[in-house]
Every structure is written in C-alpha cells, then in structure tokens.
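Residue numbers start at 1 and run along the sequence shown. Hydrogens, waters and symmetry mates are skipped; everything else that's a heavy atom, side chains included, is used.
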Amino acid sequence: QVQLVESGGGLVQTGGSLRLSCAASGRTASSYAMGWFRQAPGKEREFVASITWSSGSTYYADSVKGRFTISRDNAKKTGYLQMNSLKPEDTAVYYCASRGPIGLRQFPHTYDYWGQGTQVTVSS
C-alpha cells in the first residue's frame, strides 16, 4: 500500500499562486508515477498533471500548460504542483494519486492509490 497526504490548498485571488505537496509513504517502490487530478462540484474528476519518479518525465492537461508545474523530490518521496496565474475555473478539490507503469496517465482508474484531497479556491 502507498499512503498519500496532500497539503497546501487554500483561498487565493485570481492571478495568485499556490503550491501543493503530496507526501508518499509505505510501499513507494511500487509507485511508477504520481498524478494530480481535480474535481469541481458537479463535475467529473479530471487530469491535471503527472510525473514519473525515475526520469521526471512530465505531462500536463492543456488547460494548465504554461501555468502549472509538477515536480518531485525522490529523497523526500514528495511530489509538488506549483500553480501560478490561477483562475476561478481552477477552483476544485485537488487530489494526488500513485500508479504503476501500466495504463494511461490521464485516466483516474489507472491510479491505485489516492490522497484525501485538498481544496483550492480562486476568487474573482
């Protein structure tokens, strides 16, 4: 099992920044990649970004490219999501998730373990 704990959410004005963290523990050796997803009220959970632990390869949803940056610190077993130029439409609960090497990174069902989520609210 892999345990994931997110932190760093909060309330920010349009154009502001936040950095989310996701600390992993447990059988982290089984984790191939970390992903960030978000879910707004009444909407489906959507892919935001992902990064592989070993090579650091990154992937982003078109909606966040150029504004969000995903990174990881292997020594700390922690992933990060730096969010800049935030917009009201970025408001959602943000989740980090862990997956193995098989499956498509943008689909939630590919991921085996999930954090509890952290609320991000962007005011206009």
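Not one N or O on the side chain of R45 forms a donor-acceptor pair closer than 3.5 Å with the backbone of F107. At least one donor-acceptor pair closer than 3.5 Å links the side chain of T110 to the backbone N or O of L104. Side-chain atoms of T91 come within 3.5 Å of backbone atoms of V122 as a donor-acceptor pair (strictly under, hydrogens ignored).
To the nearest 0.5 Å, atoms CG (D62) and CZ (F47) are separated by 10.0 Å. Taking OG of S124 as the reference point, atom NZ of K87 lies at 14.0 Å (rounded to 0.5 Å). Atom OH of Y60 is separated from atom CZ of R67 by 12.0 Å, given to the nearest 0.5 angstrom. Interatomic distance, OH of Y59 versus CD1 of I70, reported as 11.0 Å (0.5 Å rounding).
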Can you give each donor-acceptor pair under 3.5 Å made by side-chain atoms of residues 14-28, sequence neighbours left out, with the distance rounded to 0.1 Å?
| residue | atom | partner | partner atom | Å |
| --- | --- | --- | --- | --- |
| T14 | OG1 | S123 | O | 2.7 |
| S17 | OG | N84 | OD1 | 2.9 |
| T28 | OG1 | K77 | NZ | 3.4 |

Under 3.5 Å donor-acceptor pairs involving side-chain atoms of residues 92-99, not counting sequence neighbours:
| residue | atom | partner | partner atom | Å |
| --- | --- | --- | --- | --- |
| Y94 | OH | R38 | NH1 | 3.0 |
| Y94 | OH | D90 | O | 2.6 |
| S98 | OG | S31 | OG | 2.7 |

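Annotation for F37 and W114: closest pair CD1-CH2, 3.6 Å, computed over non-hydrogen atoms. When all heavy atoms are compared, the tightest approach of S30 to V2 is OG-CG2, 3.9 Å. When every heavy atom of T52 is checked against every heavy atom of R72, the shortest pair comes out as O-NE, 3.5 Å. When all heavy atoms of M34 and W53 are compared, the pair lying nearest together is CE-CZ2, 3.5 Å.
Under the 3.5 Å distance criterion, with hydrogens and angles disregarded, a donor-acceptor pair is assigned to the side chains of S55 and S57.
With contacts defined as side-chain heavy-atom distances shorter than 4.5 Å, the pair Q116/E6 qualifies.
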